[in-house]
Amino acid sequence: NTTNKAVVWSTSDENIATVENGVVTAISVGVATITATTTDGSNLSASCVVTVLPILATAIELDQDVVTVETTDYIILTATVLPDNATNKAVVWSTSDENIATVEDGVVTGVSVGTATITATTTDGSNLSATCEVTVEQKMVKLIMQNSYYNNVIFFLLPGTEQKIQVVNINPMFVLNTVMFNDENVTEQLVDGVYTTPALEEDAVINISYDIPTAENTPSENSRIKA
């Protein structure tokens, strides 16, 4: 037969849990106290301690299961933690062999030829993991030799390799015009008809051009490039 049965609701921490008309909504992980207080002047109250637990991961996936990367190059793996509303989606990355491939924040870098397993593991206590098998192949540098009168000649070299290019011209009607290395005129760097490239770390192009005095003199079997 109490005249006024109304109460007001309050929470000790709105960042953890809110309350409205007795409906408690979890906001973030932690502990908050929900209190109901009378409004009739009796100043009575009752409270409930609410513990908000994290939503643990139920699965983790990588966007690639098997990849190939060259030495010194890298690929990026992306980890997806489920469900979408999992409290903590952070993962830690690891490699089975740092001598073959390293990983940092999903960025996998090839170190040496071989195979390594990259693993992403949840950090919320669910102890879930996903893996990707990474095959590392030797990176090769491509040196393309161009000539107006022949098909291109392509060399595949180890990074850091110097390559000697010998320009042979046995047709006296042909006159060497220029030797270009990556758009740089290196004709004057020829020694006895040989050009030595710098140590190659990236793909490069050599273009050799001739002056042909007459149209009748074609280079079919009279001039060639060799390395």
Side-chain angles (χ1 to χ4, degrees), residues 1-139 202:
N1 61 351
T2 301
T3 304
N4 182 1
K5 293 186 176 182
V7 298
V8 292
W9 295 90
S10 62
T11 176
S12 62
D13 194 334
E14 290 185 345
N15 295 317
I16 294 175
T18 61
V19 61
E20 185 175 357
N21 295 328
V23 178
V24 179
T25 302
I27 303 299
S28 63
V29 176
V31 178
T33 300
I34 304 299
T35 303
T37 305
T38 58
T39 61
D40 62 355
S42 59
N43 199 32
L44 299 175
S45 64
S47 61
C48 173
V49 176
V50 176
T51 300
V52 180
L53 300 176
I55 300 174
L56 296 180
T58 58
I60 180 174
E61 302 172 349
L62 294 181
D63 58 335
Q64 300 182 80
D65 297 324
V66 178
V67 296
T68 299
V69 64
E70 293 183 334
T71 53
T72 73
D73 282 348
Y74 69 91
I75 56 97
I76 299 176
L77 295 177
T78 301
T80 301
V81 175
L82 300 173
D84 290 338
N85 63 339
T87 303
N88 180 5
K89 292 188 175 185
V91 300
V92 292
W93 296 88
S94 61
T95 175
S96 62
D97 194 336
E98 289 187 345
N99 294 317
I100 293 176
T102 61
V103 61
E104 183 174 357
D105 295 330
V107 180
V108 180
T109 303
V111 177
S112 62
V113 175
T115 301
T117 300
I118 303 299
T119 303
T121 304
T122 56
T123 62
D124 64 351
S126 58
N127 199 33
L128 302 174
S129 62
T131 61
C132 175
E133 183 177 284
V134 177
T135 298
V136 181
E137 297 180 346
Q138 178 61 56
K139 181 178 181 177
E202 302 292 341

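Bear in mind that the values here come from a model prediction, so they are computed numbers and not experimental data.
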Worksheet, complete the sentence: Residues passing the side chain to side chain donor-acceptor pair (under 3.5 Å) test with Ser47, sequence neighbours excluded, are none
Worksheet item: What residues form a side chain to side chain donor-acceptor pair (under 3.5 Å) with Ser28, not counting sequence neighbours?
Response: none
Item to complete: Give, for atom OG of Ser129 and atom CH2 of Trp93, the distance between the pair rounded to the nearest 0.5 Å.
Response: 11.5 Å
What pairs with [X] under side chain to side chain contact (heavy atoms under 4.5 Å, CB included), at least two apart in sequence or on another chain?
{"X": "Ala46", "answer": "none"}
{"X": "Ser10", "answer": "Thr35"}
{"X": "Leu44", "answer": "Thr38, Ser42"}
{"X": "Ala26", "answer": "Val52"}

[X] (side chain) donor-acceptor with [Y] (main chain) under 3.5 angstrom:
{"X": "Asp124", "Y": "Ala57", "result": "yes"}
{"X": "Thr123", "Y": "Val91", "result": "no"}
{"X": "Ser45", "Y": "Thr37", "result": "no"}

Side-chain donor/acceptor pairs under 3.5 Å, residues 59-84, sequence neighbours excluded:
{"from": "Asp63", "atom 1": "OD1", "to": "Thr78", "atom 2": "N", "distance (Å)": "2.9"}
{"from": "Thr71", "atom 1": "OG1", "to": "Gln138", "atom 2": "NE2", "distance (Å)": "3.4"}
{"from": "Thr71", "atom 1": "OG1", "to": "Lys139", "atom 2": "N", "distance (Å)": "3.0"}

Pairs of donor and acceptor atoms involving the side chains of residues 98-116, under 3.5 Å and at least two apart or interchain, shall be tabulated with distances.
{"from": "Ser112", "atom 1": "OG", "to": "Asn99", "atom 2": "O", "distance (Å)": "2.5"}

